[in-house]
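Here the structure is a predicted model, which is why all the values come from computation and not from measurement. Just so it is clear, the values below take in all heavy atoms, side chains as well, and ignore hydrogens, waters and symmetry mates.
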Amino acid sequence: KGPVPLDYTFDMVRRRDDGPMNQFAILSDAYRNFVSQSPLFGGDVLRYSSDRLGTVNGYDGPRARNNSYNHALTIGYEISDNLTIKSITGHRKWDSPELSPFGSSSDLRLPLITDFTTVTTIDPYVGGGRKELRQFSEEIQLLGTFDRLKFVAGGYYFNARYAEDNPQTYLFVGDFTGDGIVDGGLAAAGRLAYQGRTKSAAGFAQASYTPPILEDKLELTGGIRYTSDKKSVNTQVYSGGLPPPVESDQSKSFDDTSFNLTANYKFLDDVSAYVRYGTSYRAGGFSPRGFDGPAYSPEKAKVYEVGVKSELFDRRLRANFAAFSTDYNDLQITQPGFSSTAGFVSNTINAGNATFRGLEFEFTAVPTKGLTLTFDGSYVDPEYKKFVYLGLDRKDDAKFGYVSKFSTHVGVAYKFPETSFGVPSVTVDYSYKSKRVFESLSSDPIGLPNARDDLGGEARKDLSGRFA
């Protein structure tokens with residue numbers, strides 16, 4: 001009917017640096033006592049701390065590279081006054097060859113078990129390699145706007161290929177003479193590589209209707225989505241880091257139908273309340289770093305939510321509140337571990353059932369022209385109903401990794417008057433997250449049975465500023 005708007009964006013990242021550096025936070029007594037000998041043989045000192053170190057002695061390897069190329073294209077066409085069709089296309093290419101040394105020390109000199117006297121130079125751990133990703137997505141939307149009805153319907157397609165080659169070398173410390181005393185170290189190696197593919201297709205529809213009752217203050221919304229996913233992965237594990245590898249080839253398909261129901265009522269022109277019930281789905285798949293483990297199942301959730309939204313004082317103040325409860329079935333958890341052939345690995349497992357209950361609030365104020373103040377926060381109280389791991393229900397001692405009970409954010413932004421070179425602005429943000437752990441269960445029972453809790457992060461406080 002009219003012109004066809006077209007919006008194309010491209011961004012590129014090419015990073016060259018020394019790569020990520022990591023540090024030891026806690027050590028077993030056996031490891032610490034053995035490796036602390038290094039300075040006696042002319043090697044580096046053992047550095048470790050539960051606090052962030054200001055300086056580490058990094059592995060002297062090649063510089064890390066990170067390359068990312070991203071394209072996005074949106075095309076819209078107005079079929080009539082009431083109907084619009086839209087296409088959203090995306091493509092991403094990313095690769096990152098880089099090493100990830102652990103241990104905050106390098107060039108240790110220690111008597112390894114070749115003969116228990118020959119001193120060898122070794123690094124605590126060096127891992128990493130090359131990672132690659134290629135992905136394409138396409139979404140078609142049909143949008144309609146009528147007197148009492150608004151809707152969107154369409155389809156979505158996603159196709160991605162990914163790969164990683166992860167050789168690892170590390171120092172293994174133990175009792176090699178059988179006398180019960182840690183007496184030596186072993187230069188060990190592992191290597192894991194994989195190539196995977198993910199395909200996803202979905203059809204969806206959502207409509208909002210204002211019935212001719214209650215002075216048009218009630219709006220009802222319903223939506224449905226069907227998703228079909230197929231995942232495959234080929235994995236190679238090299239014992240001792242050397243060929244020939246042991247291979248595993250796996251593939252599995254998943255599908256789900258989810259829906260959403262919402263009722264919204266306007267008490268005033270600027271104040272409304274809503275109640276929502278919906279279901280959601282996260283596809284199952286494989287843990288390529290876990291090698292030959294069974295496929296994990298889809299994660300499904302039921303969401304219950306009530307809230308209030310308002311824009312007050314001539315829209316100078318926005319105040320929103322919400323309370324929610326989410327019931328998860330087959331909750332997906334990432335559990336780290338160790339393999340004698342592949343090195344450090346991680347597995348995604350279905351822990352079982354859990355409920356998240358919480359509150360959220362958001363305030364945004366514009367007290368004067370150019371000045372915007374924000375204050376938001378949340379509280380969440382998760383609880384496992386069931387957590388089955390290695391045949392045992394661990395719900396009483398399992399925790400929620402990377403989940404903070406309390407979080408808040410305060411922001412101040414100011415836009416200066418327009419100048420000949422643009423609109424200058426300054427932004428200051430402060431955020432707080434209460435303490436958390438990084439694993440659901442402790443992953444290292446050898447010498448560090450309380451690793452999960454000992455490594456639990458303290459409250460995180462971030463302050464940032466930006467001028468543009």
Side-chain angles (χ1 to χ4, degrees), residues 19-22 24 31 35 58-67 94-103 105-108 110 112-115 118 120-134 160-176 184-198 231-252 285-296 334-349 390 439 443-446:
M21 297 292 169
N22 302 275
F24 283 136
Y31 192 97
V35 179
Y59 171 75
D60 187 17
R63 287 174 63 81
R65 294 183 293 154
N66 192 306
N67 305 311
W94 172 79
D95 66 90
S96 177
E98 64 181 18
L99 298 176
S100 299
F102 281 76
S105 301
S106 183
D107 295 333
L108 300 171
L110 295 166
L112 301 187
I113 65 165
T114 49
D115 56 12
T118 301
T120 304
T121 301
I122 189 171
D123 290 286
Y125 171 87
V126 178
R130 188 178 188 91
K131 306 179 186 71
E132 297 179 354
L133 172 68
R134 307 287 186 274
R161 293 179 181 269
Y162 57 91
E164 180 178 5
D165 189 357
N166 184 20
Q168 304 178 29
T169 59
Y170 50 91
L171 170 64
F172 181 82
V173 171
D175 170 21
F176 296 97
L186 172 68
R191 181 183 175 189
L192 181 145
Y194 58 84
Q195 306 81 39
R197 186 168 188 175
T198 296
K231 298 192 176 183
S232 58
V233 63
N234 181 267
T235 310
Q236 305 89 46
V237 169
Y238 298 78
S239 180
L242 301 174
V246 177
E247 293 196 43
S248 170
D249 198 355
Q250 298 174 286
S251 179
K252 193 166 185 178
F286 303 95
S287 302
R289 289 187 174 183
F291 184 66
D292 206 25
Y296 54 87
T334 299
Q335 184 66 22
F338 181 79
S339 164
S340 60
T341 54
F344 291 95
V345 297
S346 60
N347 292 286
T348 299
I349 62 173
L390 299 180
E439 300 175 347
S443 62
D444 185 2
I446 304 174

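Closest non-hydrogen pair, G190 versus Y170, comes out as N-CE2, 4.1 Å. Here the closest heavy-atom approach between residue Q168 and residue G127 is recorded as CG-CA, 4.1 Å. Minimum heavy-atom separation, S96 to N66: OG-ND2, 3.8 Å. Contact between P245 and Q236 at its shortest, heavy atoms only, is CB-CB, 3.8 Å. Of all non-hydrogen atoms in S106 and D123, the two that sit nearest each other are OG-OD1, 2.5 Å. When all heavy atoms of E98 and A64 are compared, the closest pair comes out as CB-CB, 3.4 Å.
Between the side chain of N67 and the main chain of W94, no donor-acceptor pair closer than 3.5 Å is present. In terms of modelled atom types and a separation under 3.5 Å, the side chain of S287 and the main chain of T348 share a donor-acceptor contact. For N166 (side chain) and G128 (main-chain N/O), a donor-acceptor pair under 3.5 Å exists by modelled atom type.
The line from OG1 of T120 to CG of L186 is 10.5 Å long, rounded to the nearest 0.5 Å. Rounded to the nearest 0.5 Å, atoms OG1 (T198) and OH (Y162) are 4.5 Å apart. Rounding to the nearest 0.5 Å gives a distance of 8.0 Å between CD1 of I122 and CG of L108.
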Could you walk me through whether Y31 and L171 pass side chain to side chain contact (heavy atoms under 4.5 Å, CB included), step by step? CA-CA 10 Å; Y31 192 97; L171 170 64; 3.8 Å; yes

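Screening R130, R65, R161 against D95 for a salt bridge (charged side-chain N to carboxylate O under 4.0 Å, His left out) leaves a single residue, R130.
Aromatic pair Y194/F286: centroids not less than 6.0 angstrom apart.
Under the 3.5 Å distance criterion, with hydrogens and angles disregarded, no donor-acceptor pair is assigned to the side chains of E132 and Q195.
For K252, the NZ atom sits in a loose shell: 12 or fewer heavy atoms of surrounding residues, nucleotides or ligands are nearer than 6.0 Å.
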